[in-house]
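Worksheet: one structure, shown below.
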Amino acid sequence: MDVLDLARLQFAVTGSLHFLFVALTLGLAPLVAIMNTRYVRTGNPEHERMTRFWGQIYVTNYALGIVTGLVMEFQFGMSWSGLSHYAGDVFGAPLAIETLVAFFLESTFLGLWIFGWHRLPKRLHLACIWLVTLTAYASAFWIMVANSFLQNPAGATVQGDRLALTDFGALLGNPTLVMALPHVLSAGLLTAGCVVMGASAYQLFRRTAERAFFTTSLRIGVVTAFVGGFLTVGFGYAQFGFVETAQPDKWSANTLAGIGLGSMQTIGETLQLITFLLLACVKWLPRWRWAQPVLMLLTPLPFIALVLGWIAREEGRQPWLIYGKLTVADALTPGLTAGQIMLSFLAFVGVLGMLAVVDYLLIARLIRRGPALIALGEQPVLTLSASRL
Amino acid sequence: MEILWFGILAVLLAGYFALEGFDIGVGLLLPFTGERDRAVGAIAPFVLANEVWLVALAGVLFGAFPVLEGEVLSGLYPVVVGLLVSWVVRDAGLWFRRRLDGSGWRSFWTGAVAAGSLGLALSWGGVIAGITGAPALLGVAYGVVVALVFAFHGWTFLAWRLPGEAVAQGASRTGRGLALSAAVAVAPVVAPLAVLASDVLGEAAPSATLSVLSLMVLPVVPLMVGAQIWVWRVFRRGAVPTFF
């Protein structure tokens with residue numbers, strides 16, 4: 001593999017890892033926010049336990065979303081300085097807005113939510129998780145604006161040897177964005193729904209002591225997965241018209257893109273059908289022990305589909321980085337050496353890969369242990385009384 | 001407009017050193033204190049609100065000074081790799097150290113926090129030396145200076161946040177003392193930035209791009225500032241959380 005291949009692979013691996021964690025974050029955030037709302041409105045401790053348990057899984061997943069995202073953000077300048085040189089005046093804007101308007105607030109409010117249990121008034125604490133959800137969705141919007149510009153460089157004109165931003169409205173109204181954004185957000189819901197469903201099925205299958213807790217959770221998971229799956233497939237098909245116009249040979253010219261698309265469609269439609277059937281018998285699922293292993297086995301499917309969809313979208317614009325304007329090869333940082341890219345590849349992929357494995361094991365352990373011992377939102381213990389015990 | 005966005009860049013960079021400086025400093029001090037859980041707990045509610053200043057800084061660099069972003073990040077390639085890996089390791093240490101019981105697990109990830117913090121401080125030395133065109137060896141020396149300055153800031157923060165405890169004996173425990181140590185923490189980066197100001201300004205994006213950025217970002221600034229102040233109001237006193 002040469003420098004270009006390694007740089008591409010590095011971006012693809014870190015990007016896919018980031019997406020796996022971010023998609024679950026996007027799907028779980030509104031669920032946790034709704035659970036928290038129910039707790040604040042009713043005062044029912046069972047709702048508090050649900051918020052804390054699924055919230056703990058949400059934040060454990062979030063940790064890897066942050067660290068993979070950091071590496072993504074800096075990689076643009078490190079490996080692809082040709083992109084910032086040629087199109088930074090356009091492409092940089094949505095990314096800058098994302099970091100300031102969305103992620104800056106998301107991270108700040110997430111800290112307030114995680115550490116603000118029993119310290120903030122309940123309603124303000126609840127407002128924090130809703131603000132986290134809102135800014136996470138805003139984040140997804142701006143990132144997809146930036147990505148859609150690569151797919152179809154709307155709103156920009158060539159001036160001299162560079163692209164200039166001439167129509168911000170066109171950048172935001174990019175046809176490759178309009179249906180892709182809800183497609184991605186729905187895929188997040190589908191993913192979160194399947195995780196909640198699979199985890200609850202596992203607990204019920206093991207004849208959990210927390211039967212009521214996981215019965216409710218299972219139903220939340222099934223409904224979320226169905227709604228997410230239905231919308232994901234719908235917004236997926238709705239994109240074909242735009243893609244046909246913007247990138248006519250997207251699926252035919254790139255074998256990998258075609259395979260990615262086909263496999264993603266198969267998984268998506270299978271999940272749509274299964275979640276529809278599950279929704280029809282959601283009342284009985286918690287008691288149907290024979291069905292629960294099937295629900296567990298579904299859990300990895302949306303994750304696989306996420307990566308396949310990403311491969312389809314990004315492989316399909318090859319060899320372009322900005323479709324029709326700048327090739328991936330031309331965007332590579334001039335003078336980037338094999339040694340440099342090898343070093344960073346091993347460092348990023350090695351460290352992030354190991355952390356991702358650890359993180360998933362921790363999430364699996366949280367699910368196995370159930371809601372009895374959850375660190376998030378624990379009552380603060382006074383050091384004085386602790387030392388007396 | 002260029003001056004406004006250079007100002008935002010400067011505020012974010014200085015803010016990062018003033019805020020994340022004490023998180024990194026406390027990380028550096030962990031091997032030398034017996035009160036590791038208390039020390040990590042003290043910074044924990046601030047870390048997410050502090051580290052995000054660098055994310056925003058990189059965003060502004062990309063949006064408002066894109067050519068510079070490409071040149072700086074690719075020009076300082078190995079140092080930036082070091083900075084990112086250290087940052088990732090430090091963050092993983094914080095998120096993971098209490099996720100399993102057992103002293104071995106916690107010691108390991110506490111070590112990751114300390115090692116990551118050291119890597120961050122040294123990498124910043126390298127970055128500053130790199131952008132000012134100083135030789136690599138000077139970067140290492142400058143990294144040691146940054147580490148010492150951050151450690152002092154972290155030590156002062158612990159004294160301020162945990163009054164009446166054994167940790168950070170001898171440091172000033174007042175808010176004024178913390179402000180002073182923040183100023184010390186910012187010093188290593190402000191001087192080079194002032195020297196480079198005219199070079200940075202010359203690399204600004206065209207006014208059409210900067211106008212869009214201003215239009216989208218400036219209305220949200222009060223909310224960003226408000227959220228940051230809220231963090232300080234909520235977590236300056238009271239029980240030390242045990243989540244990280």
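Per chain, numbering begins at 1; letters A, B, ... match sequence-line order.
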Is there any salt bridge (charged side-chain N to carboxylate O under 4.0 Å, His left out) pair reaching into residues 219-244 of chain B, and which pairs are they, with sequence neighbours excluded?
none
Please assess A/Asn61 against A/Thr25 for the test side-chain hydrogen bond (donor to acceptor under 3.5 Å, both in side chains), listing each intermediate value before the final yes or no.
CA-CA 7 Å; A/Asn61 178 74; A/Thr25 291; 3.1 Å; yes
Using a strict 4.0 Å threshold on nitrogen-to-oxygen distance, state whether A/Arg369 and B/Asp101 make a salt bridge.
yes
Strictly distance-based, threshold 3.5 Å: is any side-chain N or O of [X] a donor or acceptor partner for the main-chain N or O of [Y]?
X: A/Arg119; Y: B/Phe235; answer: no
X: B/Thr33; Y: B/Leu30; answer: no
X: A/Asp359; Y: A/Leu64; answer: no
X: A/Ser107; Y: B/Leu48; answer: yes

Tell me, out of B/Phe243, B/Phe96, B/Tyr77, B/Trp230, who's got the most heavy-atom pairs with chain A below 4.5 Å.
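Highest number of heavy-atom pairs under 4.5 Å: B/Tyr77.
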Between B/Val89, B/Val67, B/Ile8, which residue shows the highest count of heavy-atom pairs closer than 4.5 Å to chain A?
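Greatest number of close heavy-atom pairs with chain A: B/Val67.
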Proximal component of [X], with respect to chain B [non-hydrogen, under 4.5 Å]:
X: A/Glu378; answer: side chain
X: A/Phe91; answer: side chain
X: A/Phe74; answer: both
X: A/Leu105; answer: side chain
X: A/Leu332; answer: neither
X: A/Gln56; answer: side chain
X: A/Phe168; answer: side chain

In this structure, is the centre-to-centre distance between the rings of B/Phe17 and B/Phe22 below 6.0 Å?
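No; B/Phe17 has its ring centre 6.0 Å or more from that of B/Phe22.
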Quick check: under 4.5 Å, non-hydrogen atoms only, which of residues 135-147 of chain A neighbour chain B?
A/Trp142
Residue by residue, which of residues 351-358 of chain A have a heavy atom closer than 4.5 Å to a heavy atom belonging to chain B?
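At a heavy-atom separation under 4.5 Å, chain B is reached by A/Val351, A/Leu352, A/Leu355, A/Val358.
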Need one label for [X]: side chain, backbone, both or neither, based on atoms under 4.5 Å from any heavy atom in chain A.
X: B/Phe46; value: neither
X: B/Leu223; value: both
X: B/Val81; value: both
X: B/Ala64; value: neither
X: B/Val72; value: neither

Which residue out of [options] racks up the most heavy-atom pairs below 4.5 Å with chain B?
options: A/Val90, A/Thr166, A/Leu120, A/Leu343; answer: A/Leu120
options: A/Tyr62, A/Phe109, A/Phe348; answer: A/Phe348
options: A/Leu366, A/Leu131, A/Thr68, A/Val59; answer: A/Val59

Please identify each residue that fulfils salt bridge (charged side-chain N to carboxylate O under 4.0 Å, His left out) with B/Glu165, with sequence neighbours left out.
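Residues passing salt bridge (charged side-chain N to carboxylate O under 4.0 Å, His left out) with B/Glu165: B/Arg38.
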Take A/Gln75 and A/Trp80, measure what side-chain hydrogen bond (donor to acceptor under 3.5 Å, both in side chains) needs, and give me the verdict at the end.
CA-CA 7 Å; A/Gln75 242 179 90; A/Trp80 310 103; 4.8 Å; no
